[in-house]
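In what follows, chains carry the letters A, B, and so on, assigned in the order in which the sequence lines appear, proteins first and then strands, with residues in each chain numbered from 1.
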Amino acid sequence: MSDPFVNAIARLVPEVPPHLVERPPDPALGDYALPCFALAKARRKAPPAIAAELAAELAPRLGEAQHQGAPLFTAVEAAGPYLNFRADAGQMARLTLPSILDGSYFQQNRAPAGGSRKVMVEYSQPNTHKAFHVGHMRNVALGDALARILAYNGQQVTAANYIGDVGTHIAKCLWFYQRHLGRLPKEKQTPQPGQDRGEWLGELYTAATLMLEDAPKEQREVYQKEVGQVLQQLESGQGEAHALWQETRAWSLESFQDIYRWLGARFDHWFYESEMEAGRRIVEEGLAKGVFIRSEGAVGADLEADGLGFLLVLKADGTTLYSTKDLALAEMKFDRFGMDESVYVVGAEQTLHFKQVFKVLEKLGYPQAGRSVHLAYGLVMLPEGKMSSRAGNVILFSALRERMNRFIVEHYLEAHRGDWRDEEIDETCRRIAVAAIRYGMVKQDPSKVIVFNLEDWLVAEGDTGVYLCYAYTRVQSIFRALGKFGRADADLTLLTHPTERALIRELHDFNRAAEAAARLMRPNLLAGTLFALAKAFSRAYAAVSVKNAETPALGEARLALFDAAGRVLKEGLELLGITPPERM
RNA sequence: GCGUCUGUAGCUCAGCUGGAUAGAGCGAUGGCCUUCGAAGCCAGCGGCCGCAGGUUCGAAUCCUGCCAGACGCACCA
């Protein structure tokens with residue numbers, strides 16, 4: 001992927017590396033800018049003088065920069081220390097729009113500069129027997145978007161899920177289920193009609209946790225012993241608890257499938273904590289290699305020398321830990337799946353854990369350890385603070401979906417009832433809700449805490465997924481009104497209105513932004529670009545008309561432009577996991 | 001105590017890893033629908049970029065030290 005305009009500037013001014021070429025803050029200044037600071041030393045002059053000198057030098061030679069026999073630039077001038085180039089509007093349109101209309105534009109990033117790599121993106125990682133809430137949505141939105149963006153940029157991506165289907169939390173849930181169900185009000189003792197069974201299990205888990213926390217000390221010890229017995233049964237793979245585990249685990253998995261289906265998230269492979277038995281063997285091998293040591297009856301890696309403390313891999317009672325399973329999982333990814341690179345989309349609170357795991361993998365001799373990345377993201381909070389099951393303010397997936405659906409239908413789609421088929425109303429509603437939630441989760445820098453304000457996200461004006469969808473549907477409405485689509489052979493040189501030029505520029509730069517989002521693993525960069533694109537479209541749409549264009553040829557050119565905008569918008573939204581509706 | 005992350009407009013956030021006059025959205029103010037969808041567009045208002053030093057021709061961005069918040073630091077995941 002390379003920009004012919006940037007390449008041309010690089011040829012005209014070979015002393016300056018092309019990556020320095022930037023976009024001026026105001027299109028009135030030009031389309032490309034070359035800062036001359038880097039030349040100050042070599043030329044022993046002040047940057048403004050160099051810019052002026054270069055402008056004078058290049059002006060007569062500007063015609064040398066050509067594409068298909070026509071000049072790429074129409075002007076070059078100095079503005080302070082900057083050398084600004086004005087691109088030929090027709091050339092930029094011709095270099096951009098036809099390739100979008102024939103689809104080839106979307107293949108341009110396929111051959112990455114660094115070569116194609118096999119990369120696994122692991123995300124979501126829900127625990128069975130626990131409730132899935134808005135906080136978990138951030139992970140899915142981020143991971144799924146990243147997987148799509150990397151694939152768009154030519155990486156061989158395997159999207160993986162890693163289900164937490166073993167451990168104390170499950171023992172707690174089943175312990176409550178078997179012994180204390182009676183503590184709940186009658187109607188809560190079984191899943192309510194229409195209630196998701198996985199979510200009901202989550203309620204049991206929460207009830208169990210609160211019950212344990214609230215019990216007086218002696219009583220709590222009795223309870224904990226009971227939970228321990230359940231855990232024992234689970235690990236032995238026998239007994240009533242084990243059978244119950246199998247049954248209820250399936251409920252949770254069904255529930256997750258339902259969520260992913262609604263969100264449109266896909267996984268190529270599902271890992272389960274329950275299948276990570278290789279951990280114990282890895283610990284043995286690590287002990288033999290001296291990577292692990294025994295300490296206070298337990299086994300772990302002393303990483304003090306690396307400033308990473310101590311990573312415990314085997315408890316004193318000989319049982320394995322989260323870390324042990326992570327080592328087994330990494331081994332699977334590298335050895336069985338042949339991954340070159342591994343990305344873990346996991347909350348920022350586990351930063352130290354992953355640094356430790358990667359360090360241990362390195363010591364165990366995995367070269368891929370250096371290409372393992374923990375994509376850390378911040379918490380999802382509510383305006384009133386953190387979500388907590390004790391406070392009872394956790395927004396569960398089903399409640400979120402329900403509230404969004406109701407709002408969207410009431411405020412926007414009800415008007416179409418009867419006119420549209422019910423299935424279309426439902427599907428449009430789903431797409432808008434998914435757009436709102438996914439865009440909201442992904443538009444922010446991953447490292448920052450997100451304050452989730454349901455009302456704001458639903459009202460959804462301005463920089464939101466709904467706005468982007470709306471822009472897309474407006475393009476579609478042009479097609480409906482005119483009964484035709486854009487043609488690549490339109491006379492694109494007619495697109496001279498400032499809003500048209502600005503939109504062309506956004507379209508031209510989309511691939512560059514997609515590449516940066518992949519390289520930096522920050523889907524929010526793509527979200528920002530899409531918003532700028534939708535904004536540029538909306539401006540142009542308000543300023544110029546296809547139907548009432550001054551000439552038919554201009555109308556055709558605008559149709560091609562808006563068609564291209566719609567296609568890039570759709571492609572970009574897909575990279576964020578959002579499928580816009582055709583009308584809304 | 002040590003470590004990581006975060007402090008930018010009333011609120012929620014961008015700022016392409018050192019460059020032009022720090023940008024958006026929301027809210028509040030004022031405009032724009034007999035013309036392809038007003039879930040939209042336009043205008044003005046709103047800033048000691050947490051504080052103090054330092055590096056540099058040049059700092060919201062890099063370094064140091066404070067202050068505030070979040071998270072983490074051995075048998076939970």
Side-chain angles (χ1 to χ4, degrees), chain A residues 20 22-26 29 33 35-38 40 46-47 79-82 84 125 127 130 164 166-169 273 295-300 307-323 325-326 346-353 355-356 376 378-379 381 383 386 408 411-412 432 440 443-445 447-451 453 456 459-464 466-467 469-471 473-482 499 509 512-513 516-517 520 522 524-525 527-529 531-532 535 538-549 555 558-559 562 583-584:
Chain A
L20 288 182
E22 51 189 57
R23 191 160 139 185
D26 181 350
L29 291 164
C36 297
F37 305 99
Y82 291 88
N84 290 328
Q125 309 108 330
N127 282 328
K130 275 196 190 178
V166 291
T168 321
H169 74 276
E273 256 188 86
S295 167
E296 297 171 30
V299 178
L308 295 174
F310 191 89
L311 178 68
L312 200 68
V313 294
L314 222 52
K315 295 191 239 177
D317 66 6
T319 56
T320 61
L321 286 136
Y322 178 55
S323 54
K325 289 164 189 147
D326 258 347
V346 180
E349 65 278 3
Q350 291 188 43
T351 300
L352 176 61
H353 168 80
K355 279 185 184 166
Q356 292 175 325
L379 231 53
M381 306 231 306
K386 282 173 85 166
I408 294 165
H411 287 76
Y412 300 117
I432 293 171
K443 75 167 178 176
Q444 215 165 101
D445 187 286
S447 67
K448 291 195 178 178
V449 169
I450 284 184
V451 176
N453 185 334
D456 282 1
V459 173
E461 286 168 350
D463 186 7
T464 64
V466 179
Y467 174 80
C469 286
Y470 182 62
T473 60
R474 291 171 103 192
V475 174
Q476 306 316 305
S477 73
I478 301 173
F479 301 148
R480 271 195 296 275
L482 274 72
T499 61
D509 285 358
R512 195 159 269 267
L520 302 170
R522 282 176 52 192
N524 60 308
L525 296 179
T529 297
F531 177 66
K535 189 79 186 168
S538 295
R539 283 193 171 131
Y541 184 82
V544 303
S545 172
V546 176
K547 200 159 121 188
N548 301 319
R558 284 178 181 159
L559 186 60
F562 289 154
R583 53 180 183 172
M584 60 193 271

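- Set against G15(B), G40(B), C36(B), the side chain of Tyr470(A) has G40(B) as its closest nucleotide.
- Among the protein residues, Glu273(A) comes within range of the sugar-phosphate backbone only, with heavy atoms under 4.0 Å from sugar or phosphate atoms but none that close to a base.
- Between Arg539(A) atom CZ and G25(B) atom P the separation is 8 Å, expressed in whole Å.
- Within 4.0 Å of Arg23(A), counting heavy atoms only, lies no atom of the nucleic acid at all.
- Residue Val546(A) is classed as a base contact, given a heavy-atom separation below 4.0 Å to a base.
- Taking only distance into account, the side chain of Asn84(A) meets the base of A20(B) through a donor-acceptor pair shorter than 3.5 Å.
- If you measure from atom NZ of Lys355(A) to atom P of G72(B), you get 15 Å, rounded to the nearest angstrom.
- No contact: Phe479(A) has no heavy atom under 4.0 Å from any strand.
- No side-chain heavy atom of Val313(A) sits less than 4.5 Å from a side-chain heavy atom of Leu321(A).
- At the heavy-atom level, Met584(A) lies under 4.0 Å from base atoms of the strands shown.
- In this structure, Ala516(A) reaches neither bases nor backbone, as no heavy-atom distance under 4.0 Å exists between it and the strands shown.
- Distance, Asp509(A) CG to C16(B) C1': 11 Å, rounded to whole Å.
- Atom C1' of nucleotide G40(B) and atom CD of Glu461(A) are separated by 9 Å, given to the nearest angstrom.
- Put simply, the side chain of Tyr541(A) reaches to within 4.5 Å of the side chain of Ile478(A), judged on heavy atoms.
- Using a 4.0 Å heavy-atom criterion, one finds that Ala513(A) contacts no nucleic acid atom at all.
- Nucleic acid contact for Ser477(A): base, since at least one base atom lies under 4.0 Å from a heavy atom of the residue.
- Contact annotation for Leu525(A): backbone-only contact, meaning every heavy-atom pair under 4.0 Å involves sugar-phosphate atoms and none involves a base.
- Among the protein residues, Asp317(A) comes within range of no part of the nucleic acid, since none of its heavy atoms lies under 4.0 Å from any strand.
- On a pure distance criterion of 3.5 Å, a polar donor-acceptor pair joins the side chain of Ser295(A) and the base of A74(B).
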